[in-house]
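On a predicted model such as this, the values are computed, not experimentally measured, just so you know.
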Amino acid sequence: MTDPNYEGLFRMLERGLGDAFSRGVAEVEEEIRVYQPQYKHIALERSLLLYYPLPTYFWFGRDAEGQRLAQRVEQGMRLMLRNGEYQRLFQKYHAGLIQRLDLKHRRLIRIDNPFLPPSTPFADRGLWFDPTTAK
């Protein structure tokens, strides 16, 4: 079932019109905090983890300046990945959440994302969070 209204999903659960709906790791704690007082029966499932690859992209103009900026950002990101700075920042801002949700001990169910282009760099493991290792 679907609902065109975001909050309607919570109402559907509360009324028993569904068993669950998936939320992103970065969303779930805040949503539980905000919506549980009103929807008393919602709870966080603690043993499963749906993994759906959803990269974040930066977009730049197609003009020369946009291309220059895109190249500069990619060089900076690659440098941060090589020297460990990206991982340090990622851990600084996300390690607590990853630990609280105990991601690496959940049963992982991988779901393909059919909307990603063939050029998606799946082989470059440094670009992807691995919930089985929490890195």
Side-chain angles (χ1 to χ4, degrees):
M1 298 181 84
T2 62
D3 192 303
N5 180 305
Y6 166 73
E7 193 165 328
L9 296 169
F10 295 94
R11 284 192 300 270
M12 287 171 61
L13 284 180
E14 189 73 13
R15 292 177 184 151
L17 298 175
D19 295 319
F21 70 97
S22 63
R23 306 308 301 139
V25 167
E27 306 164 322
V28 70
E29 283 188 327
E30 177 68 8
E31 288 178 348
I32 290 286
R33 186 187 69 71
V34 169
Y35 289 101
Q36 202 169 42
Q38 183 178 356
Y39 302 107
K40 304 283 186 217
H41 294 99
I42 66 168
L44 177 62
E45 205 295 322
R46 296 260 176 212
S47 63
L48 295 176
L49 179 62
L50 302 178
Y51 179 79
Y52 184 81
L54 190 61
T56 299
Y57 289 105
F58 296 96
W59 299 98
F60 300 92
R62 292 182 184 260
D63 62 359
E65 177 65 6
Q67 296 305 304
R68 186 188 71 74
L69 289 171
Q71 184 177 32
R72 187 167 181 195
V73 167
E74 182 169 358
Q75 288 172 344
M77 291 295 293
R78 296 278 178 196
L79 175 63
M80 290 175 68
L81 287 164
R82 273 194 314 275
N83 70 17
E85 182 65 11
Y86 179 85
Q87 184 65 18
R88 187 189 71 70
L89 287 170
F90 185 89
Q91 289 297 315
K92 177 180 176 181
Y93 290 101
H94 301 291
L97 174 64
I98 292 165
Q99 185 176 18
R100 285 189 306 276
L101 295 177
D102 196 25
L103 298 184
K104 67 181 179 179
H105 293 112
R106 291 171 177 253
R107 180 172 158 233
L108 183 69
I109 299 171
R110 292 184 185 272
I111 301 171
D112 290 333
N113 184 342
F115 300 106
L116 294 178
S119 60
T120 303
F122 288 115
D124 190 346
R125 302 308 308 157
L127 298 177
W128 299 91
F129 174 72
D130 182 350
T132 62
T133 61
K135 294 183 180 176

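Within the 4.5 Å cutoff, no side-chain heavy atoms of L127 are placed close to those of P55. Put simply, the side chain of D63 does not reach to within 4.5 Å of the side chain of R68, judged on heavy atoms. Looking only at side-chain heavy atoms (C-beta outward), E29 and I32 stay at 4.5 Å or farther from each other. Under the 4.5 Å side-chain criterion, counting only non-hydrogen atoms from C-beta, E74 is not in contact with F58. Contact annotation: the side chain of F129 approaches that of I98 to within less than 4.5 Å [non-hydrogen atoms, C-beta and beyond]. Within the 4.5 Å cutoff, the side chain of F115 has no heavy atoms near those of the T120 side chain. Taking the side chain as every heavy atom from C-beta outward, P37 and Y35 never approach each other to under 4.5 Å.
With rounding to the nearest 0.5 angstrom, the NE2 atom of H94 is 9.5 Å from the CG atom of L89. Atoms CZ and CG, on R125 and D130 in that order, are 6.0 Å from each other to the nearest 0.5 Å.
Y52 and V25 are assigned to two separate hydrophobic clusters, defined by single-linkage of ILVMFWY side chains at heavy-atom distances under 4.5 Å. Cluster membership check: W128 does not share its hydrophobic cluster with L54, using side-chain heavy-atom separations under 4.5 Å among Ile, Leu, Val, Met, Phe, Trp and Tyr.
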**Study point:** Step-by-step side chain to side chain contact (heavy atoms under 4.5 Å, CB included) determination, Q75 to R78
**Key:** CA-CA 5 Å; Q75 288 172 344; R78 296 278 178 196; 5.8 Å; no
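Ion pairing between a basic and an acidic side chain is recognised when a charged N comes within 4.0 Å of a carboxylate O; E14 and R11 show no such pairing.
Judged by distance alone, with hydrogens and angles left aside, the side-chain atoms of R106 form a donor-acceptor pair with the main-chain N or O of L101 at under 3.5 Å. One N or O on the side chain of Q67 and one on the backbone of G61 form a donor-acceptor pair closer than 3.5 Å.
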